[in-house]
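Everything numeric here is computed off the predicted structure, so don't read it as measured data.
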Amino acid sequence: MQTDPNEDTEWNEILRDFGILPPKEEPKDEIEEMVLRLQKEAMVKPYEKMTLAELKEAEDEFDDEDMKAIEIYREKRLQEWKALKKKQKFGELREISGNQYVNEVTNAEKDVWVIIHLYRSSIPLCLLVNQHLSLLARKFPETKFVKAIANSCIEHYHDNCLPTIFVYKNGQIEGKFIGIIECGGINLKLEELEWKLAEVGAIQTDLEENPKKAIVDVMVSSIRNTSIYGDSDSSNSDSEDTK
């Protein structure tokens with residue numbers, strides 16, 4: 001009968017003392033094993049933490065096997081970078097000068113929506129529109145948002161026309177809002193401007209309805225009620241006069 005060398009017997013202990021049997025295997029700690037496994041899985045090659053520029057500088061430090069893996073990794077990072085750039089192409093409201101108008105707006109990239117705000121900093125609504133456009137530029141990075149001082153683009157542009165917002169695509173004006181009323185009034189809300197730009201197609205809003213709809217509904221209801229009661233009062237007055 002064969003004896004189990006790991007069995008806890010007095011005879012096995014004697015044999016271990018004399019070196020006849022190897023030391024008893026200690027039971028493995030499952031938690032420790034799990035920790036070691038997770039640590040191993042979490043380990044990454046140094047190049048996997050590097051930017052593309054750092055990889056270029058450190059090429060001499062890697063062997064041929066690493067270099068093959070690096071090429072695959074580099075291509076993966078490059079594609080990820082291109083995809084991110086394509087998705088977040090703009091993301092901010094940029095200032096341009098009049099002599100940049102053609103290149104930045106009229107001749108902008110194919111199929112890119114461009115929103116340009118002509119403004120003057122002395123006009124309060126212009127400043128408010130710039131604040132709103134800055135937020136919208138971050139929310140809709142695939143649309144190009146720019147601003148320019150009006151007179152740098154159009155000489156002697158009248159203040160009554162400000163703010164002015166033009167919406168371009170492929171060199172054509174697809175929408176325009178000229179003056180305080182068309183831009184939404186002195187109390188213009190961010191959501192109202194977002195809706196205006198979405199209506200001409202420049203951005204893909206998640207708003208489900210015109211934010212001003214509720215205000216318009218209240219105004220229409222008020223006018224209707226006034227008309228009804230006014231007609232009633234007039235009718236009563238006429239009947240009293242005929243008595």
Side-chain angles (χ1 to χ4, degrees), residues 82-221:
K82 286 181 178 179
L84 182 64
K85 279 293 185 183
K86 186 176 180 180
K87 184 178 180 182
Q88 298 185 338
K89 199 165 189 177
F90 304 107
E92 63 177 348
L93 175 64
R94 293 193 303 108
E95 180 91 31
I96 65 169
S97 59
N99 57 15
Q100 294 176 297
Y101 195 106
V102 173
N103 286 335
E104 294 283 350
V105 181
T106 311
N107 294 339
E109 298 91 326
K110 187 175 183 295
D111 294 332
V112 169
W113 287 93
V114 183
I115 296 168
I116 180 166
H117 175 212
L118 302 183
Y119 76 99
R120 190 189 300 279
S121 57
S122 60
I123 298 176
L125 183 56
C126 286
L127 299 180
L128 180 61
V129 168
N130 278 338
Q131 289 177 15
H132 290 341
L133 291 178
S134 292
L135 295 173
L136 293 175
R138 289 197 288 271
K139 184 175 181 180
F140 303 100
E142 294 180 6
T143 297
K144 186 175 184 179
F145 288 80
V146 294
K147 62 180 179 177
I149 295 175
N151 282 351
S152 74
C153 301
I154 306 172
E155 192 173 359
H156 306 307
Y157 197 62
H158 204 285
D159 283 3
N160 289 343
C161 297
L162 298 177
T164 291
I165 300 174
F166 291 131
V167 180
Y168 279 79
K169 186 179 182 183
N170 295 328
Q172 301 297 318
I173 294 180
E174 301 293 338
K176 56 185 178 181
F177 307 97
I178 300 174
I180 292 176
I181 301 302
E182 287 190 15
C183 284
I186 58 174
N187 296 315
L188 176 68
K189 301 291 189 298
L190 175 64
E191 293 79 8
E192 294 167 4
L193 182 55
E194 180 176 336
W195 185 265
K196 282 178 175 292
L197 298 176
E199 280 190 313
V200 296
I203 57 178
Q204 298 296 317
T205 182
D206 52 5
L207 297 174
E208 295 182 355
E209 64 176 18
N210 187 346
K212 271 198 169 183
K213 182 177 182 299
I215 299 174
V216 173
D217 288 346
V218 169
M219 290 176 61
V220 170
S221 176

Can you find a heavy atom in the side chain of [X] that is under 4.5 Å from one in the side chain of [Y]?
X    : Y    : result
V146 : Y168 : no
V129 : Y119 : no
L133 : L193 : yes
V200 : F177 : yes
L118 : I116 : yes
T143 : F90  : no
E109 : K144 : yes
K176 : I165 : no

Quick one: pull up [atom1] in [X] and [atom2] in [Y] and give me the separation to the nearest 0.5 Å.
X    : Y    : atom1 : atom2 : answer
Q131 : C126 : CD    : SG    : 12.0 Å
R94  : K147 : CZ    : NZ    : 11.5 Å
I154 : T164 : CD1   : OG1   : 7.0 Å
I203 : I115 : CD1   : CD1   : 6.0 Å
N99  : S152 : CG    : OG    : 8.0 Å
F140 : L197 : CZ    : CG    : 8.5 Å

Can you list the residues that meet the salt bridge (Lys or Arg N to Asp or Glu O under 4.0 Å) rule with R120, with sequence neighbours excluded?
D159
[X] side chain vs [Y] backbone, donor-acceptor pair below 3.5 Å:
X    : Y    : result
K196 : E191 : no
N170 : K110 : no
H117 : F166 : no
E104 : Y101 : no

Shortest non-hydrogen contact from [X] to [Y]?
X    : Y    : result
L188 : C183 : CD1-O, 3.3 Å
Y157 : A150 : CD2-CB, 3.8 Å
G184 : K212 : O-NZ, 3.3 Å
L135 : R138 : CD2-NH2, 3.0 Å
S134 : L93  : OG-CD2, 3.5 Å
L125 : G185 : CD1-O, 3.4 Å

With distance as the sole criterion, is a donor-acceptor pair present between the side chains of [X] and [Y] under 3.5 Å?
X    : Y    : value
Q100 : S97  : yes
H156 : N151 : no
W195 : E199 : yes

Around E95, counting heavy atoms of other residues, nucleotides and ligands shown, do more than 12 lie under 6.0 Å from its CD?
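Atom CD in E95 is packed in, count exceeds 12.
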Using a strict 4.0 Å threshold on nitrogen-to-oxygen distance, state whether K139 and E194 make a salt bridge.
yes
Restricting to side chain to side chain contact (heavy atoms under 4.5 Å, CB included), what partner residues turn up for E174, sequence neighbours left out?
W113, K169, Q172
Test side chain to side chain contact (heavy atoms under 4.5 Å, CB included) on N187 and K189; report intermediate values, then the result.
CA-CA 6 Å; N187 296 315; K189 301 291 189 298; 4.3 Å; yes
